[in-house]
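Presented below is the structure to which this report refers.
Keep in mind that this is a model prediction, so the values were computed, not measured. These values consider heavy atoms only, across backbone and side chains, with no hydrogens, waters or symmetry-generated copies. Reminder, nothing fancy here: chain letters follow the sequence lines and each chain counts from 1.
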Protein chains: 2
Amino acid sequence: MGISKCEQCAIRQCNALKSLKSYALVGLSGCKTSLSFKKGDVLFQEGDNINGVFCIKQGACKLTKLSSNGKDQIVRLANAGELLGQRSLISNEPANLTAIAVNNMRVCFLPKQEIENGFTSDIDFSVDLLKSLAQELKLADNVIVDMAQKSVKKRLAETLLYINVNFGVDADGLLNIVLTRDDYANIVGTATESAIRILSQFKKEGLISAHGKKIKIENIEGLKCVE
Amino acid sequence: MGISKCEQCAIRQCNALKSLKSYALVGLSGCKTSLSFKKGDVLFQEGDNINGVFCIKQGACKLTKLSSNGKDQIVRLANAGELLGQRSLISNEPANLTAIAVNNMRVCFLPKQEIENGFTSDIDFSVDLLKSLAQELKLADNVIVDMAQKSVKKRLAETLLYINVNFGVDADGLLNIVLTRDDYANIVGTATESAIRILSQFKKEGLISAHGKKIKIENIEGLKCVE
DNA sequence: ACATAGGTATGATTTTGGTCATATTTAAAT
DNA sequence: ATTTAAATATGACCAAAATCATACCTATGT
């Protein structure tokens with residue numbers, strides 16, 4: 001059971017839970033589970049009946065799906081503040097994606113029943129859920145277009161820029177999210193060797209620098225111009 | 001103004017409007033606009049403030065997005081019964097996609113205000129909207145994986161199978177949706193010549209037959225096995 | 001019926017990206 | 001600290017798909 005209380009948790013301001021009335025939050029506090037995951041841990045798997053949502057308090061994860069060719073595609077990255085499993089809860093279906101921690105995470109699990117109470121009683125909450133799904137859908141549609149129309153090199157450049165904007169950099173300017181070359185390949189949908197090759201090229205061109213897995217963007221404008 | 005009444009319209013059973021209470025339907029009837037579009041007509045464009053939703057009574061359309069390389073990607077096809085513009089309405093944003101009729105269409109336009117009244121008063125309506133967005137999101141995620149991981153040939157085979165299942169065939173077994181080779185290319189995200197070449201190959205292999213633009217699937221199992 | 005534009009078809013060639021092979025480096029486990 | 005596995009790097013080669021070129025259909029309007 002949770003130590004902290006949902007009413008006092010700042011992270012809920014980042015997602016639809018911000019619209020829950022205080023009595024609903026008290027209900028949540030009483031039945032939530034605080035979990036922690038280490039890098040590489042699986043939060044849930046494609047096909048799991050998750051029966052609730054996960055609120056990311058700290059850390060980030062990748063949402064992947066296994067393709068029929070045996071490769072895992074990373075469909076998107078989720079950051080602290082995001083709610084996972086909304087879609088499955090709403091559709092009343094098993095998870096369509098697998099969630100894997102990309103660094104150490106603290107997560108609250110909120111059981112389905114409690115959330116459902118929220119959205120029959122709180123119209124603002126369902127409106128917020130609608131908005132967040134609508135946003136996810138828009139982003140997904142845009143990814144479809146990028147996948148279909150842009151080169152691997154451009155997709156990889158845009159991925160670096162995306163991570164820079166959405167996850168930021170540390171004191172040394174290194175991207176806060178640390179991914180393997182294989183992860184990068186699975187985001188842009190290419191072979192691992194191709195991702196490695198292109199990142200090496202970006203390094204030679206001075207667009208990025210790499211210290212092991214840690215990447216620093218050296219030339220944002222240059223990356224934006226990659227075709 | 002509409003001739004028929006929303007209360008008596010069967011097509012709304014196919015989408016979230018089925019959950020509107022009868023008084024809300026009467027309100028809609030009073031302010032809806034019945035439109036018709038011919039093949040190739042634009043219902044709305046990416047960037048338009050559509051200020052309402054479109055309910056497709058008859059016909060089908062393609063939802064496209066212009067990529068930075070100047071090509072139009074077909075993100076999905078929408079059939080009779082579907083509601084267009086839900087996402088924009090919810091996000092309160094301009095349309096992210098362009099809708100173009102692929103055959104003759106009859107469509108009702110339902111203004112935003114009226115729909116919004118529906119979802120503050122009718123919890124079932126917002127739940128249904130949530131479910132339909134959730135479904136769209138799941139499909140979009142699956143398309144991302146397919147785009148990233150499958151060959152052009154496989155994507156084209158799956159597109160034919162998708163159209164077969166979702167739009168059906170006429171008395172002669174020809175697919176009900178008639179698309180140009182260019183449209184097929186823009187669905188799977190390839191060059192027009194590549195789409196033409198692969199369809200020719202499918203013809204030679206006896207998987208399909210083509211009578212001008214009209215396509216008939218001759219060997220469903222064969223198409224399913226295309227890699 | 002004829003002209004015309006848009007769509008289909010196919011060949012030749014180039015480019016992009018995938019696969020296979022093999023080092024080398026880095027990180028994790030004992 | 002040493003071993004081991006995993007991740008990175010790079011070359012060589014191959015396959016898939018894009019591009020360029022050209023020709024031929026087939027609807028459409030005049």
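The backbone N or O of B:L129 sits nowhere less than 3.5 Å from a side-chain atom of B:Q86 that would complete a donor-acceptor pair. A side-chain donor-acceptor contact under 3.5 Å links A:D183 to the backbone of A:T180.
Rounded to whole Å, the distance from NZ on B:K39 to C1' on C:dG6 is 12 Å.
Between B:K71 and A:A210, the residue whose closest nucleotide on DNA chain D is further toward the 5' end is A:A210.
Checking the phosphate oxygens (OP1, OP2) of C:dG6, no side-chain nitrogen or oxygen of B:T180 falls inside 4.0 Å. Phosphate proximity of D:dA16 to B:S194: absent, as no side-chain N or O sits under 4.0 Å from OP1 or OP2. Regarding contacts with the backbone of C:dA27, every side-chain N or O of A:K213 stays at 4.0 angstrom or more from both OP1 and OP2.
The listed nucleotides are C:dG17, D:dC20, D:dG11; the one nearest the side chain of A:R197 is D:dG11.
Within residues 150-164 of chain B, the residues approached by DNA chain D to less than 4.0 Å at the level of any non-hydrogen atom are B:S151, B:V152, in residue-number order.
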### A:E193 and A:R197: CA distance, side-chain angles, deciding distance, salt bridge (Lys or Arg N to Asp or Glu O under 4.0 Å) verdict
CA-CA 6 Å; A:E193 296 94 319; A:R197 248 181 265 272; over 6 Å; no

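Judged by distance alone, the side chains of B:K65 and B:N96 do bring a donor and an acceptor atom under 3.5 Å apart.
No salt bridge links B:E227 with B:K153; every basic N to acidic carboxylate O contact stays at or beyond 4.0 Å.
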